[in-house]
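Just so you know, these numbers come straight off a predicted model, no measurement behind them. In each ligand, atom 1 is the first atom listed, and ligand 1 is the first ligand listed.
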Amino acid sequence: MAETVVAAEGVPLAKSVQEMSTNREEPPPQFVVKDGSLGVTYSSSSSSSSAVLVPTIDISLLSTDDEELHKLKLALTSSGCFQAINHGISSSFLDKVREVAKQFFALPLEEKKKYSRAAHDVQGYGHDLVVSEMQVLDWCSRLFLRVFPEHERKLNLWPKNPDDFGEILHEYSMKLKEMMEILFKAMANSLKLEENSFSNQFGEQPVMQVRFNFYPPCSRPDQVLGVKPHSDRSGVTVLLQDEEVEGLQIIEDDKWITVPVIPHALVVNLGDQMQIMTNGVYKSPVHRVLTNTERLRISVAMFNEPAPEKEIGPVDQLVDEERPRLYRNVKNYAAFNYECFQKGKVALEEVKV
Ligand SMILES: O=C(O)CCC(=O)C(=O)O
Ligand SMILES: [Fe+2]
């Protein structure tokens with residue numbers, strides 16, 4: 001008999017996505033994208049659009065090379081997304097991060113359910129938060145954990161199997177913290193702002209949360225998405241894509257552009273809170289994930305957010321007569337975003353002045 005998997009808020013999914021995938025079942029109607037079409041796609045990874053819109057940026061050059069800083073600015077003003085290389089994290093370590101994710105998702109469902117998300121919590125293992133019967137579900141299982149501030153970790157939800165999971169996750173987040181510091185400075189310098197303009201807004205104790213995403217093969221990639229179109233509510237998201245399988249797309253001029261796989265690059269995409277802080281100069285891209293019939297895909301998204309008690313808003317120097325203030329100040333955008341989501345509203349629209 002199929003095990004009952006709690007999708008969220010007490011709405012049970014009869015079977016897990018993984019189980020349906022293994023049985024090669026047709027996805028149930030809740031997973032089918034309603035407008036019937038997944039839109040126009042540029043899927044070739046060599047397409048010039050993806051190279052222009054999602055350029056590679058050499059992190060090691062950002063503090064010394066004005067040209068690289070300019071490239072960063074171009075990427076963040078156009079797509080809000082780039083592939084970070086020379087980021088200081090070794091390829092072998094990134095492979096380890098992927099390996100523990102793979103090992104966790106390969107555990108029997110019973111074992112993974114030990115880390116299940118409680119109905120009213122976001123942390124733990126499970127599926128989408130379901131807030132309405134109309135909601136289209138993602139063909140994805142995920143493990144969501146808060147990593148920083150460290151005292152807010154729910155260690156009972158951190159997998160004990162594989163046994164180095166916690167250690168690797170901690171080390172990975174420490175390394176990403178270092179990269180974030182470089183990026184905050186570079187983003188401020190690229191806009192000729194004071195170096196701490198963004199890091200100050202993130203606060204002394206910024207939030208870092210990780211989402212391990214598992215997308216099993218799906219028999220209807222023409223009708224079902226791994227993740228629906230959304231922009232991240234974070235400040236900055238750093239994504240470790242699958243080393244082989246594409247799926248992530250960003251939208252540009254009504255066309256979906258595939259973000260190519262560069263095995264040891266880290267995809268950086270800005271979230272809504274950076275769009276707010278830059279008064280709309282830097283973009284929080286709308287993105288989605290496609291499914292495919294053959295290969296499973298795993299990604300690890302690290303969300304960097306300002307501390308919830310910090311009020312964030314457009315940096316003064318980015319507000320003038322030519323560019324009037326677009327957004328009001330806001331505190332705890334995460335909670336605000338959730339309220340909007342429940343009401344079917346888009347948070348970034350709701351904070352416009
Ligand atoms: O799996 C991916 O490539 C992206 C996942 C994503 O957009 C998210 O977790 O917010
Ligand atoms: Fe996302």
Would you kindly specify which portion of F212 sits under 4.0 Å from ligand 1, judged on non-hydrogen atoms: side chain, backbone, both or neither? neither

Check Y172, Y115, F212 against F165 for a ring pair (Phe, Tyr, Trp, His ring centres under 6.0 Å) and give me the one that passes. F212

In short, Q241 meets V259 closest at the heavy-atom pair NE2-O, 3.4 Å

When you compare the side chains of S299 and D242, does any donor N or O come within less than 3.5 Å of an acceptor on the partner? no

Checking contacts here: is it the side chain or the backbone of D232 that comes within 4.0 Å of ligand 1, counting heavy atoms only? Could be both or neither. side chain

So if I count the atoms of ligand 1 from 1 in the order they appear, which ones are less than 4.0 Å from some heavy atom of V289? 1 (O), 2 (C), 3 (O), 4 (C)

Search all heavy atoms of L270 against all heavy atoms of K283 and return the closest pair with its distance. CB-O, 3.3 Å

Could you name the option among R211, R297, R288, R142 that has the heavy atom nearest to atom 10 (O) of ligand 1? R211

N/O to N/O below 3.5 Å, does that happen between H287 and ligand 1? yes

If you measure from each non-hydrogen atom of L239 to ligand 1, which part falls under 4.0 Å: side chain, backbone, both or neither? side chain

Can you find a side-chain donor-acceptor pair between D272 and Y333 that sits under 3.5 Å? yes

Between H287 and D232, is any side-chain donor less than 3.5 angstrom from a side-chain acceptor? yes

If you check every N/O/S atom of D232, which is the one nearest the Fe ion (ligand 2)? OD1

